[in-house]
Engineer: 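What follows is a single structure, and I will ask about it in a moment.
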Amino acid sequence: MSQVIDQKKLTRKDFSTDQDVRWCPGCGDYSILANVQRVMPEVGVMPDNMVWVSGIGCAARFPYYMDTYGFHTIHGRAPAFVTGIKATNPELNVWLASGDGDSLSIGGNHLLHCLRRNLDVRILLFNNRIYGLTKGQYSPTSEVGKVTASTPVGSADQPVDPCSFALGCNGTFVARSIDVEAKHLAGVLKRASEHRGTAFVEIYQNCNVFNDGAFKSFTDKDNKLDNQLRVENGQPLLYGKDNRRGLRLDPKTLALETVTIGENGVTEADLLVHDESNGVIASLLVRMPRPTFPVAIGVLFRTERTTYDESLRQQKQAVVDRAGANDLEALLNSGNTWEV
Amino acid sequence: MAAQPEPAGSGERSSNTPKTIIGAVVRFAGDSGDGMQVTGDQFTTTAAVLGNDLATFPDFPAEIRAPAGTLYGVSGFQINFASKDVFTPGDRPDVLVAMNPAALKTNLPDLVPGGLLVVNADAFSPQNLKKAGYEKSPLEGSELEGYQVLSVDITKHTVNAVKPTGLSVKEANRCKNFWTLGLMYWIYNRPLELTLEWLQKKYAKRPDVVEANSLALKAGHAFGETVELGYQRYEVPAAPVTKGKYRNIAGNTATSWGLVAAAQLSGLEVVLGSYPITPASTILHELSKHKHLGVTTIQAEDEIAAACIAIGASYAGGIGVCTTSGPGMALKMEAIGLAISVELPLVIVNIQRAGPSTGMPTKTEQADLLQAVYGRNSEAPLCVIAASTPGDCFHMAIEAVRLATKFMTPVVLLTDGYLANGAEPWLIPKVEDLPKIDVNFRKEAEGFHPFLRDPETLARNWAIPGTPGLRHRIGGIEKDHDSGHISYDPQNHERMSQVRATKIANIAKFVPEQKIGLGDDHGKLLVLGWGSTYGAIREAVRNCRDRGLSVSHAHLNYLFPFPRNLGDVLSRFDRVLIPEMNMGQLVKLIRSEYLIPAESYPKIQGQPFRIEELEDRIRKTLEN
Ligand SMILES: Cc1ncc(C[n+]2csc(CCOP(=O)(O)OP(=O)(O)O)c2C)c(N)n1
Ligand code: SF4
Ligand SMILES: [Mg+2]
């Protein structure tokens with residue numbers, strides 16, 4: 001089924017299966033797949049040591065197309081499967097592909113616990129703001145009033161922002177990118193691959209069949225630069241066609257405001273500088289209301305914390321150091337015993 | 001349980017020479033704060049060391065901290081000890097120790113007529129009587145007439161006894177269970193040494209507590225001795241048990257240790273995903289102590305995650321296990337279906353409790369058999385086995401892992417609350433005598449696909465991530481029989497469904513044939529049981545056979561598939577009676593599998609069968 005591979009010469013082909021890809025023509029999932037396959041050779045992990053895990057949904061078909069180990073599980077529970085995989089073999093390099101319904105509706109609970117535990121896994125959440133596979137019902141990220149098959153007069157529920165959720169769960173790496181922004185996405189994936197712990201990446205993905213144009217307002221060629229804020233660690237938060245728009249923090253309200261350099265005496269020095277390790281800035285960036293503000297993409301937050309798998313390993317080692325390993329006989333004979 | 005040759009308090013009142021009896025059932029009952037479990041444990045240890053066969057059962061209140069003195073705050077501990085084989089903690093106590101009115105009220109109905117009732121008279125205050133719902137003290141009326149009543153001011157005696165230690169009255173008061181234990185030791189002519197030694201060890205850091213409890217224990221004993229109680233004393237000699245080293249073991253401890261043993265015997269890590277639920281939680285607690293023995297435990301966010309964690313572990317080359325009770329198993333079912341579809345090993349231990357829904361979490365039942373066998377969407381066969389005694393839990397846990405890995409399948413191991421908390425002396429097995437569990441991961445890339453099968457067992461090959469050259473994808477979508485790729489082909493689906501079913505059915509070829517546990521292999525009546533009813537059925541059948549009835553007992557450990565000779569075994573009896581703590585679940589399986597008119601004897605009270613109920617039913621069945 002698989003060929004033996006020379007690590008030094010890994011190419012994107014080494015990560016591609018011969019399976020027919022079954023997404024709708026024009027689906028954003030294709031460009032994500034292409035990007036992932038392009039980035040994988042740079043990750044430095046042999047395909048034999050890599051596992052792609054998913055739940056159910058269009059996004060969750062992803063593992064079938066990666067020539068690595070792959071486990072297509074059940075709806076929403078992929079983080080729990082990964083927990084078992086990493087607890088058993090922490091050496092494996094594990095990735096998880098998921099949709100907005102899979103991750104935030106049926107699987108919200110597991111995502112929460114994966115993030116707070118900081119399990120060593122890279123989670124790609126393909127956010128198309130719709131249930132694709134089940135033919136177009138609204139999802140937890142759909143905007144209020146969304147008209148779909150199941151909500152003919154519009155949905156009543158407030159959407160959840162995936163990155164906000166991830167920050168709220170004490171995620172250690174929170175990033176965002178867009179299916180069609182190939183270079184940007186590749187950069188974010190590379191960063192995610194380098195993170196130890198749960199690397200959470202939300203990818204805006206166009207479902208051209210059931211929610212076409214959901215991200216048009218910031219992906220259309222003509223206006224995207226005015227609507228995308230590409231954050232870079234240590235750089236001022238600048239955006240706009242001529243890179244003269246920026247974000248400033250109002251110290252009185254602790255809220256962000258958009259400003260234009262050169263107007264009202266605003267200079268670059270007035271702008272907020274992005275600091276990946278600053279959770280406050282991250283939470284401001286992920287909650288910026290549209291369309292007043294641009295959409296922040298890039299690595300929004302990153303910090304280091306012991307991973308769950310590492311903690312498990314350390315605890316085990318500590319017990320072995322104290323009790324010695326593998327004495328079943330001693331266990332069976334422990335406590336009160338008597339001879340007859 | 002032991003026969004009850006004579007209630008402990010019956011007969012002569014003069015002699016102080018102990019009279020030898022075959023056995024007795026003693027129940028300690030008091031407020032949850034009265035230390036009845038410790039008292040029972042100590043009485044048990046001493047009986048065990050003296051060589052009695054025994055079985056015990058604790059009865060905790062459902063509330064964590066029930067208000068003192070209330071009916072629902074009563075905690076009990078029952079022991080059946082004898083000089084012959086003991087199979088259950090006993091139907092009814094010969095001796096009841098009631099430390100307060102509430103304990104008397106809730107337990108008196110069980111005491112055998114003429115039995116000995118020891119009560120702490122000090123606790124029968126107007127306030128306590130009221131809490132127990134007594135209008136006037138039962139110690140004064142005629143209510144207790146049919147029993148031997150030994151009403152003692154236990155609290156006062158205890159406080160006096162421990163005075164020299166200078167402990168406060170409140171602390172002194174806490175020693176009254178040891179005073180009571182001392183008195184029971186006197187009645188059954190038992191030595192105090194083991195308990196004295198235990199106190200030394202247990203409270204090494206509190207010499208005053210050791211001293212006080214030791215004084216109380218001795219005083220209780222001396223009370224019997226010096227007050228010249230006119231009560232009969234008894235001697236229960238050692239039972240003729242197999243030579244060897246023993247320990248007392250409760251079902252949940254045995255299950256936990258069986259899983260630890262399985263890790264050692266297979267050389268694989270046991271990865272437990274579990275979410276706390278009564279009465280399964282103590283397995284999670286126990287396994288969490290043994291990280292140095294090849295066990296990883298994860299307290300999952302819910303039972304679904306617990307199952308998925310376990311499956312993920314098996315996928316990665318460990319032994320995925322989850323321990324739960326009925327409601328938790330219900331939550332796991334979709335994940336179990338995946339494990340069936342991708343054919344990965346998985347062990348689900350269900351410590352059944354009384355339901356539906358929350359039901360009565362601390363009470364026992366056997367009503368998850370059909371859930372285990374059939375409770376999934378579509379055709380999703382798996383293997384179901386059950387343990388019959390606390391000690392058997394150890395061996396069946398190993399067996400569950402052996403079957404799961406040999407056949408690449410989920411295995412449900414059913415135990416229940418009665419087995420979980422019940423305890424019995426257990427001949428400690430030698431590790432070198434335990435059967436190794438052979439596991440072979442697929443290594444060679446030549447000709448590999450993930451659903452290649454062993455021609456004999458039909459198990460697919462287990463290829464774990466990280467193996468060079470075996471990269472593959474698996475999932476819950478139907479796969480092609482010959483390549484393992486996704487397939488929606490109608491013929492292929494039927495073929496795969498059949499393969500999955502045949503694989504499970506074939507397990508019968510690899511497990512022991514069904515034996516008749518007691519009695520002839522043919523006759524008028526076979527009593528067929530499974531799970532924790534073992535002891536009660538065995539005892540009842542033994543008693544009936546002693547009276548010359550044509551009845552035998554067979555007990556199932558393998559429920560799906562059934563042992564290959566079961567049809568044969570059943571066909572040699574005129575009638576088959578199936579007692580179960582449910583509304584008749586095994587009987588449905590037996591009827592549909594073998595087309596015989598097996599008779600059901602259901603009991604669904606959250607309580608195990610009494611031996612006398614079973615005897616009655618056997619007798620009546622044979623009469624008509
Ligand atoms: C237990 C269960 N319930 C429901 C479904 C049906 N289902 C499959 S995918 C899906 C939603 C998928 O939406 P999303 O996760 O956003 O993925 P997308 O298809 O949009 O990529 C649903 C409801 C299922 N497979 N399993
Ligand atoms: S339904 Fe939408 S998300 Fe699913 S494959 Fe088609 S376009 Fe993509
Ligand atoms: Mg979606």
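Per chain, numbering begins at 1; letters A, B, ... match sequence-line order.
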Engineer: Any carboxylate oxygen within less than 4.0 angstrom of a Lys/Arg side-chain nitrogen, looking at Arg117(A) and Glu301(B)?
Structural biologist: yes
Engineer: Using non-hydrogen atoms only, which part of Leu331(A) is less than 4.5 Å away from chain B: side chain, backbone, both, or neither?
Structural biologist: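 The answer is both parts of Leu331(A).
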Engineer: Which heavy atom of Arg247(B) sits nearest to which heavy atom of Asn333(A), and what is that distance?
Structural biologist: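 Nearest heavy atoms, Arg247(B) then Asn333(A): NH1-C, 3.8 Å.
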Engineer: Contact part of Val51(A) toward chain B, heavy-atom cut-off under 4.5 Å: side chain, backbone, both or neither?
Structural biologist: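 Contact with chain B is through the side chain of Val51(A) alone.
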Engineer: Does atom CZ of Phe165(A) have more than 12 heavy-atom neighbours, drawn from other residues, nucleotides or ligands, at distances under 6.0 Å?
Structural biologist: yes
Engineer: Please flag which part of Trp198(B) lies under 4.5 Å from any non-hydrogen atom of chain A: side chain, backbone, both or neither.
Structural biologist: neither
Engineer: For Asn248(B) and Asn336(A): C-alpha separation, side-chain torsions, deciding distance, then whether side chain to side chain donor-acceptor pair (under 3.5 Å) applies.
Structural biologist: CA-CA 8 Å; Asn248(B) 215 29; Asn336(A) 229 333; over 6 Å; no
Engineer: Donor-acceptor pair, Asp48(A) side chain versus Gly466(B) backbone, under 3.5 Å?
Structural biologist: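 Absent.
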Engineer: So for Met50(A), is it side chain, backbone, both, or neither that comes closer than 4.5 Å to the heavy atoms of chain B?
Structural biologist: neither
Engineer: Where does Arg22(A) contact chain B at under 4.5 Å (heavy atoms): side chain, backbone, both or neither?
Structural biologist: side chain
Engineer: With respect to Pro465(B), which candidate in Thr68(A), Val94(A), Val53(A), Leu92(A) satisfies the side chain to side chain contact (heavy atoms under 4.5 Å, CB included) definition?
Structural biologist: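 Only match with Pro465(B) under side chain to side chain contact (heavy atoms under 4.5 Å, CB included): Leu92(A).
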Engineer: Between the side chain of Lys291(B) and the main-chain N/O of Arg313(A), is any donor-acceptor distance below 3.5 Å?
Structural biologist: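 Absent.
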Engineer: Which answer fits Leu312(A), side chain, backbone, both or neither, if we ask what part of it has an atom under 4.5 Å from a heavy atom of chain B?
Structural biologist: side chain
Engineer: Determine yes or no for a side-chain-to-main-chain donor-acceptor pair under 3.5 angstrom, with Arg473(B) supplying the side chain and Phe71(A) the backbone.
Structural biologist: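 Not confirmed, Arg473(B) side chain does not pair with Phe71(A) backbone.
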Engineer: Does Arg471(B) form a side-chain contact (heavy atoms from CB on, under 4.5 Å) with Asn49(A)? I'd like the steps, not just the answer.
Structural biologist: CA-CA 9 Å; Arg471(B) 297 181 306 281; Asn49(A) 294 323; over 6 Å; no
Engineer: Nearest 0.5 Å, please: how far is CG in Asp309(A) from OG1 in Thr296(B)?
Structural biologist: 11.0 Å
Engineer: Do Trp338(A) and Thr45(B) touch side chain to side chain, with heavy atoms closer than 4.5 Å?
Structural biologist: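 No, side chains not in contact.
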Engineer: Ile309(B) and side chain to side chain contact (heavy atoms under 4.5 Å, CB included): which single residue from Thr88(A), Val82(A), Thr83(A) fits?
Structural biologist: Thr83(A)
Engineer: Taking all heavy atoms of Tyr64(A) and all of Gly475(B), pick out the closest pair and write down the distance.
Structural biologist: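 So the two residues come closest at OH-CA, 4.0 Å.
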Engineer: Contact between Asn89(A) and Tyr315(B) at the side-chain level, heavy atoms closer than 4.5 Å - yes or no?
Structural biologist: no
Engineer: For Thr17(A), is it the side chain, the backbone, both, or neither that has a heavy atom closer than 4.5 Å to a heavy atom of chain B?
Structural biologist: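 Interface part for Thr17(A): side chain.
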Engineer: Chain B heavy atoms under 4.5 Å from Asn93(A): which part of the residue, side chain, backbone, both or neither?
Structural biologist: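 For Asn93(A), no heavy atom lies under 4.5 Å from chain B.
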Engineer: Could you report the tightest heavy-atom contact between Ile74(A) and Cys308(B), atom names first, then the distance?
Structural biologist: CD1-SG, 4.2 Å
Engineer: Checking Val295(B) against chain A: side chain, backbone, both or neither under 4.5 Å from a heavy atom?
Structural biologist: backbone
Engineer: Would you say the side-chain atoms of Arg77(A) pair up with the backbone N or O of Ala305(B), donor to acceptor, closer than 3.5 Å?
Structural biologist: no
Engineer: Side chain from CB out, backbone as N, CA, C, O: work out which of these in Ile298(B) comes under 4.5 Å of a heavy atom of chain A, or both, or neither.
Structural biologist: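 Contact with chain A involves both backbone and side-chain atoms of Ile298(B).
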Engineer: Could you look at Arg322(A) and say if it's the side chain, the backbone, both or neither that has a heavy atom under 4.5 Å from chain B?
Structural biologist: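 No part of Arg322(A) comes within 4.5 Å of chain B.
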Engineer: Does Thr467(B) offer a backbone N or O that forms a donor-acceptor pair with the side chain of Tyr69(A) under 3.5 Å?
Structural biologist: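 Between the backbone of Thr467(B) and the side chain of Tyr69(A) there is a qualifying donor-acceptor contact (under 3.5 Å).
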